[in-house]
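Only one structure is covered here, and it is reproduced in the block below.
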Amino acid sequence: MKFASAYEPGEFESEIYAGWEAAGVFAPRAVVDDSKSFSIVMPPPNANGNLHIGHGLTIALEDSLTRYHRLKGESAWYIPGADHAGFETWVVYERALEAKGETRFNYSRDELYAQVWDFVQEQRGNMELQVRALGASCSWKDLTFTLDENVVRRVYKTFERMWKDGMVYRGEKLVNYCPKHQTAFADIEVEYSEDKGKLWDIAYQYDGGEIIVSTTRPETLFGDTAVAVNPEDARYKDLIGSFVKLPLTDREIPIVADEHADPEYGTGAVKITPAHDYDDFEVGLRHDLPRVRVIDDAGKMVGCGPEYDGLSTEECRKKVLKDLKTAGLLRGEKAITHSVAHCYKCGTVIEPTLKEQWFIDVKRLAREAIKHLERDEIKFHPASKKQVLINYLEGLKDWNISRQIPWGIAIPMFRRIDSLEAHSTNELADADAPEWIFDTRTNLSEIEVGGVRYVRDEDTFDTWFSSSHWPIVCTDWESGQSGAKDGNPYYPLNVMETGADILFAWVARMIMMGIYVTGEVPFREVYLHGLVLDAHGQKMSKSKGNVINPMELVAKYGSDAFRLGILRGRSAGMNQAFSENSVVAGRNLCNKIWNLSRLVQGIVDDSPSETEVEGWVTTENMGEDWVCREINSARSLIEKQMQEYRFAEAVETIHSLIWDKYADWFIESQKLYHNVNLLKATLEAILKMLHPFAPFVTETIWQNLSWTEGMIINAEWPGEFEFDPISAENFAKLIGVVSEVRSTMTAISKLPKVEKMLKRGGEDKKILDAGDVSAEKGGMVLLYGDDSLVATNDILVKNLAKLAAVESCEGQPRGIRLALANHELYLDVPAPVVAAYAEALDERILAVGRELDALNARMMNPNYVDKAPAALVEETRRAIEEKNRLIEGLKNERNLI
RNA sequence: GGAUCUUUAGCUCAGUUGGCUAGAGCGUACGAUUCACAUUCGUAAGGUCAGAGGUUCGAGCCCUCUAAGAUCCACCA
């Protein structure tokens with residue numbers, strides 16, 4: 001098979017992926033023990049969405065890890081997922097309903113669920129295609145959808161156990177309520193922003209006086225059940241325990257003493273609305289105050305009297321202010337800035353609202369999690385996140401898991417029908433039957449147990465409640481367990497890779513739930529990636545118009561280029577910039593390996609096969625020894641970097657091996673003498689090392705090469721190359737010589753005097769041509785004195801440095817001496833050029849002199865000689881010797897001019 | 001208010017128990033080029049490692065303080 005001459009990723013990527021899928025290479029192999037298995041789950045992308053740049057990073061990281069471990073011979077299992085994304089999807093669907101002029105309130109819960117299910121099924125597939133385009137080597141047959149039957153079963157099982165353990169309770173508490181979406185949110189789902197608002201002073205009167213309270217929310221005064229003052233506040237001490245009249249109403253409310261009132265703030269007196277403010281709720285608990293709801297689920301006023309009921313909070317605020325003014329009770333207003341909670345999806349101001357919800361008592365879960373974290377059972381990347389997580393868990397409040405959205409897993413709780421009326425009559429038909437029962441028949445809206453009828457709670461679980469089971473359900477922990485302790489080699493996961501932004505929402509909950517359900521932490525390591533910012537370090541957002549679409553980059557440069565580009569310059573937990581440049585650099589590397597492979601294939605094709613012993617890899621010259629040394633050391637470096645999740649550095653290591661070492665020096669040296677078997681073996685090795693990061697191009701090359709078999713995806717990670725270390729080191733020295741020759745040649749051609757002579761032409765030109773200093777084709781002549789390394793490798797040096805010739809000076813040194821301590825080498829240039837070089841030489845001598853001084857100063861310090869490691873001191877001593885030799889040679893040279 | 005992180009070349013970032021002359025990619029300048037690759041090759045310029053102290057034979061790295069920025073948590077009647 002012949003290589004296409006140009007690197008065109010679009011030509012082969014989808015075909016290669018299809019080939020992998022057809023061969024079934026994504027599935028885990030059979031495993032013998034835990035150490036031979038590697039498991040990782042994909043944070044499930046939204047089933048009906050498109051992938052964004054964050055998914056691109058996620059997959060690049062996770063798939064590189066997976067492929068690396070697969071090459072290392074482990075049974076790698078990368079488990080894909082799809083998220084029903086409860087609220088996210090719901091928002092999209094509700095918008096679609098609105099577009100049709102309908103609302104969710106036209107349908108029952110079950111009807112809505114069915115509709116969204118169909119909607120998601122229609123949209124699904126897109127996301128999976130994109131995950132494939134990014135090259136994810138995940139086991140598709142194991143894809144888990146967050147509403148799959150086994151997920152629901154597992155979630156119900158956990159919930160039942162929690163219910164029996166007394167960790168689930170029904171509470172009337174304040175929840176973060178979005179009046180637009182009409183659902184409650186967890187604390188972490190709420191976004192705060194600094195908003196401009198106003199602080200109004202309102203007079204609450206009593207016989208013979210008034211007390212002024214400050215508030216930003218006058219409309220909630222109908223829900224006030226007290227006024228609080230600080231017990232230490234001398235101004236109000238005498239009023240504590242007395243009553244004031246609530247403005248615009250006939251009610252009287254008490255004045256209570258509570259630390260919550262800050263004498264420094266406003267007037268020092270604060271109205272208490274336990275049903276609509278978190279702090280006031282706490283104050284209410286302390287003073288046993290009634291809770292009066294004045295805002296209903298739709299965000300309208302309720303129970304405030306006919307003039308106000310039905311108004312929106314904003315309308316009501318205006319009216320209340322107007323009425324207070326009329327009544328002469330409004331005493332002042334001032335503008336303030338305060339942080340206000342918003343719905344993270346629609347921006348609507350969150351209304352803290354009193355609701356009956358299911359809560360999970362998290363104390364025990366958090367305590368256990370902290371215990372395991374403190375025992376270092378999970379390693380974090382970056383390490384600092386462990387303590388951040390512990391701090392969070394220490395202050396964790398009970399978890400509201402009820403969501404008033406039909407699209408999700410139904411909460412398996414049923415309430416006896418008669419209890420609904422019983423609240424008003426205080427009578428139950430059968431006093432022994434519990435008010436709430438657990439039952440998994442959530443497909444029914446009404447059930448009968450023991451002659452008592454129950455109706456299903458309409459609410460669904462917070463999606464984090466189900467997704468906290470992710471490692472458990474994806475690895476099928478239960479069936480794998482089958483009684484034996486070490487029955488499932490894939491649980492705990494080797495690593496959990498996800499965004500640092502969901503450390504609390506997801507990682508924390510997986511840890512708590514994993515420990516609760518299995519007794520073990522759900523993963524051994526956590527790698528958190530930061531946000532991908534735009535090229536200027538700004539957050540990407542639609543409104544800023546700086547969103548980068550990963551699929552566009554894949555189409556333009558190839559999947560491999562995208563992966564290499566997004567991994568570059570990135571480290572754990574940091575928000576870092578990303579630009580197309582890095583993808584271009586990735587594409588260039590792919591192009592490099594493509595052409596390198598074509599060249600090697602060309603050499604193999606041209607070599608008569610009978611001269612090669614099949615598979616016999618040995619080194620025959622120092623370039624070959626050197627490349628083996630470099631491959632070995634790059635390989636162990638990459639192993640170390642992958643072990644420590646330093647992806648960007650691993651990419652840099654392989655980039656440098658391929659480009660700066662393999663192509664620039666080894667392949668160049670192989671243009672003189674071929675070692676076909678070694679060329680084959682070394683190319684295979686670098687392809688394998690690149691494969692985790694650039695799977696498509698490496699697989700395509702692998703399958704195009706005439707001698708390779710099977711697929712690179714499940715090839716064996718390269719082993720150790722044998723080489724002669726002295727010979728390898730000699731090649732390294734030769735690289736130093738060639739670099740110095742090139743550098744000096746460039747310096748000569750740039751000398752102002754030489755440039756002038758070149759320009760003048762005539763006699764000057766003739767003289768210069770004799771030494772060919774213009775560094776054009778043909779080049780200069782390198783003369784060696786007593787230098788066996790260069791003498792025995794004269795042709796190689798000539799080719800690598802593009803010289804006209806490399807010859808012995810026959811004891812007659814002339815031209816410019818190279819600034820190399822251990823070599824006696826001269827560039828043969830005419831006398832006027834040597835003279836012109838004198839100044840540069842002086843500078844060079846001074847520079848080396850400065851380096852020598854620094855080294856000498858160090859050795860003069862007795863403390864250094866005494867305290868620094870002996871090896872280091874010895875090294876310094878050698879360096880001084882070398883510099884001395886060099887400076888002496890250069891000075892001799894200078895004297896000759 | 002509390003916590004965590006960041007500050008290194010023009011830009012984006014590496015720099016792993018402290019050790020020689022601080023690296024990469026991109027960008028810049030000069031030069032090259034008929035076959036592996038212009039998605040190339042060669043050479044070079046560019047850094048008082050945010051600032052100030054301290055520990056040490058030795059600090060980009062450890063300690064203290066300061067400044068700037070980011071993120072998270074809490075509070076804001």
Side-chain angles (χ1 to χ4, degrees), chain A residues 3 5-7 187-188 192 194 197 199-200 213-217 228 260-262 265-273 277 279-280 336-340 382 384-385 387-388 391-392 395 500-501 503-504 530-531 533 535-537 557 561 565 568-571 573-579 581-582 584-603 640-641 644 646 648-649 651-652 655-656 660 663-664 667 739 742-743 745-747 749-750 774-777 801-802 847 850-851 854-855 858 861-869 871-873 875-876 879:
Chain A
F3 267 115
S5 61
Y7 167 64
D187 292 343
I188 44 171
Y192 289 86
E194 290 294 319
L199 192 63
W200 287 279
V213 302
S214 303
T215 182
T216 53
R217 305 217 45 198
H260 168 64
D262 176 2
Y265 194 94
T267 59
V270 53
K271 67 198 234 5
I272 301 299
T273 324
D277 182 281
D279 289 319
D280 293 3
I336 56 157
T337 306
H338 58 155
S339 91
V340 179
S384 62
K385 294 291 183 186
Q387 198 51 48
V388 172
N391 293 347
Y392 170 75
D501 53 336
L503 173 65
F504 299 154
L531 290 179
L533 308 175
H536 308 288
Y557 300 104
R568 191 181 292 273
R570 208 158 288 282
S571 47
M574 302 244 293
N575 299 345
Q576 284 159 319
F578 172 67
S579 73
N581 280 345
S582 58
V584 171
R587 191 268 319 261
N588 293 354
L589 179 62
C590 294
N591 180 67
K592 191 74 183 175
I593 189 79
W594 181 265
N595 285 293
L596 210 45
S597 305
R598 284 206 303 136
L599 175 72
V600 172
Q601 181 65 62
I603 292 172
K640 187 167 179 251
Q641 286 161 338
E644 295 170 6
R646 302 150 83 96
E649 286 172 60
V651 167
E652 202 172 305
H655 179 281
S656 157
D660 307 337
D664 284 357
I667 286 295
S739 298
R742 287 170 175 173
S743 167
M745 286 197 302
T746 307
S749 68
K750 281 186 186 167
S774 51
E776 276 161 22
K777 209 181 161 194
K802 297 209 160 48
R850 279 192 297 271
E851 287 164 18
L855 289 173
R858 190 176 304 154
N861 182 343
N863 281 325
Y864 175 70
V865 182
D866 285 353
K867 295 186 181 171
L872 196 66
V873 176
E875 215 173 295
T876 310

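Order of the sequence lines fixes the chain letters, A, B, ..., with proteins taken first and strands second; residue numbering starts at 1 for each chain.
Taking atom C1' on both nucleotides, A74(B) is separated from A68(B) by 24 Å, rounded to a whole Å. Atom C1' of U56(B) sits at a distance of 12 Å from the matching atom of G19(B), rounded to the whole Å. The C1' atoms of A50(B) and U6(B) are separated by 11 Å, rounded to the nearest whole Å. Rounded to a whole angstrom, the distance from the P atom of C11(B) to that of U28(B) is 15 Å. Separation of the P atoms belonging to C35(B) and U48(B) is 41 Å when rounded to the nearest angstrom. Going from the P atom of G51(B) to that of G47(B) covers 14 Å, rounded to whole Å. Taking atom P on both nucleotides, G58(B) is separated from G54(B) by 12 Å, rounded to a whole Å.
Note on F504(A): only backbone sugar-phosphate atoms sit closer than 4.0 angstrom, heavy atoms only; bases stay farther off. Among the atoms of the strands shown, only primed sugar atoms or phosphate atoms (P, OP1, OP2) are found under 4.0 Å from some heavy atom of Q576(A). Among the heavy atoms of the strands, none lies under 4.0 Å from A879(A). Across all strands shown, S582(A) has no heavy atoms under 4.0 Å from either base or sugar-phosphate atoms. Within the 4.0 angstrom heavy-atom criterion, no nucleotide atom of any strand lies near K385(A). Nucleic acid contact class of L199(A) (heavy atoms, under 4.0 Å, all strands): sugar-phosphate only. T215(A) comes within 4.0 angstrom of the backbone, heavy atoms only, and of no base. Residue-level contact check: S5(A) touches neither bases nor backbone, having no heavy atom under 4.0 Å from any strand.
Nearest heavy-atom pair across Y7(A) and Y557(A) is OH-O, 4.3 Å. Across every non-hydrogen atom of D280(A) and T273(A), the tightest pair is OD2-N, 2.8 Å.
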Next on the checklist: H338(A) vs V340(A), test: side chain to side chain contact (heavy atoms under 4.5 Å, CB included). Steps then yes/no.
Outcome noted: CA-CA 6 Å; H338(A) 58 155; V340(A) 179; 3.8 Å; yes
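The side chain of R858(A) places an N or O atom within less than 4.0 Å of a non-bridging phosphate oxygen (OP1 or OP2) of U21(B). Between N581(A) and G25(B) there is no side-chain N or O to OP1 or OP2 distance below 4.0 Å.
When the nearest nucleotides of RNA chain B are assigned to R570(A) and K592(A) by heavy-atom distance, the more 5′-ward of the two goes with R570(A). For the pair L599(A) and Y392(A), nearest-nucleotide mapping onto RNA chain B gives the more 5' position to L599(A).
Nearest nucleotide to the side chain of N595(A), out of A36(B), G25(B), A14(B): A36(B). Among the nucleotides A3(B), U39(B), G25(B), the one closest to the side chain of N591(A) is U39(B). Comparing U12(B), C5(B), U21(B) by their closest approach to the side chain of A577(A) singles out U12(B). Checking A36(B), U4(B), G25(B) against every side-chain atom of S384(A), the shortest atom distance belongs to U4(B).
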Pairs under 3.5 angstrom, nitrogen or oxygen only, protein versus nucleotides 42-46 of chain B, please.
{"from": "A44(B)", "atom 1": "OP1", "to": "S743(A)", "atom 2": "OG", "distance (Å)": "3.3"}

Check the interface with nucleotides 55-65 of chain B: list each N/O to N/O pair with the protein under 3.5 Å, or write none.
{"from": "C57(B)", "atom 1": "OP1", "to": "K867(A)", "atom 2": "NZ", "distance (Å)": "2.1"}
{"from": "C57(B)", "atom 1": "O2'", "to": "N861(A)", "atom 2": "ND2", "distance (Å)": "2.7"}

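In this structure, the OH atom of Y265(A) is 16 Å from the P atom of G1(B), given to the nearest Å. Nucleotide G23(B) holds its P atom 18 Å from the NE2 atom of H655(A), rounded to whole Å. When rounded to the nearest whole Å, the span between CG of D501(A) and P of C5(B) equals 18 Å. Taking atom CD of residue Q601(A) and atom C1' of nucleotide A36(B), one finds them 12 Å apart after rounding to whole Å. Whole-Å rounding puts the L531(A) CG to C5(B) C1' distance at 13 Å. Atom P of nucleotide U71(B) and atom CE of M574(A) are separated by 14 Å, given to the nearest angstrom. To the nearest angstrom, P of U12(B) lies 19 Å from CD of E649(A). Spacing between atom CG of N575(A) and atom C1' of C72(B) amounts to 11 Å, rounded to whole angstrom units.
Base-pair partner of C13(B): G23(B) (Watson-Crick or G-U wobble, both distances under 3.5 Å). Remark: G1(B) base-pairs with C73(B); criterion is Watson-Crick or G-U wobble with both hydrogen-bond distances under 3.5 Å. Figure legend. C41(B) is base-paired to G31(B); pairs are counted as Watson-Crick or G-U wobble with both atom distances under 3.5 Å. Across all strands shown, G53(B) forms a Watson-Crick or G-U wobble pair, both distances under 3.5 Å, with C63(B).
Judged by distance alone, with hydrogens and angles left aside, the side-chain atoms of S582(A) form no donor-acceptor pair with the main-chain N or O of F578(A) at under 3.5 Å. In terms of modelled atom types and a separation under 3.5 Å, the side chain of R570(A) and the main chain of A577(A) share a donor-acceptor contact. Of the possible donor and acceptor atoms, one in the side chain of N595(A) sits under 3.5 Å from a partner among the backbone N and O of N591(A). A donor-acceptor pair under 3.5 Å links the side-chain atoms of T746(A) to the main chain of R742(A), judged by distance alone.
Note: W594(A) CH2 to L599(A) CG = 14.5 Å, rounded to the nearest 0.5 Å. Atom CG of D277(A) sits about 6.5 Å away from atom NE2 of H260(A), to the nearest 0.5 Å. If you take CG on L872(A) and NZ on K867(A), they are separated by 15.0 Å, rounding to the nearest 0.5 Å. Taking CD from E649(A) and CD from E644(A), the interatomic distance works out to 8.5 Å, rounded to the nearest 0.5 Å.
E652(A) is linked by a salt bridge (Lys or Arg N to Asp or Glu O under 4.0 Å) to nothing, counting only residues two or more places apart in sequence or in another chain.
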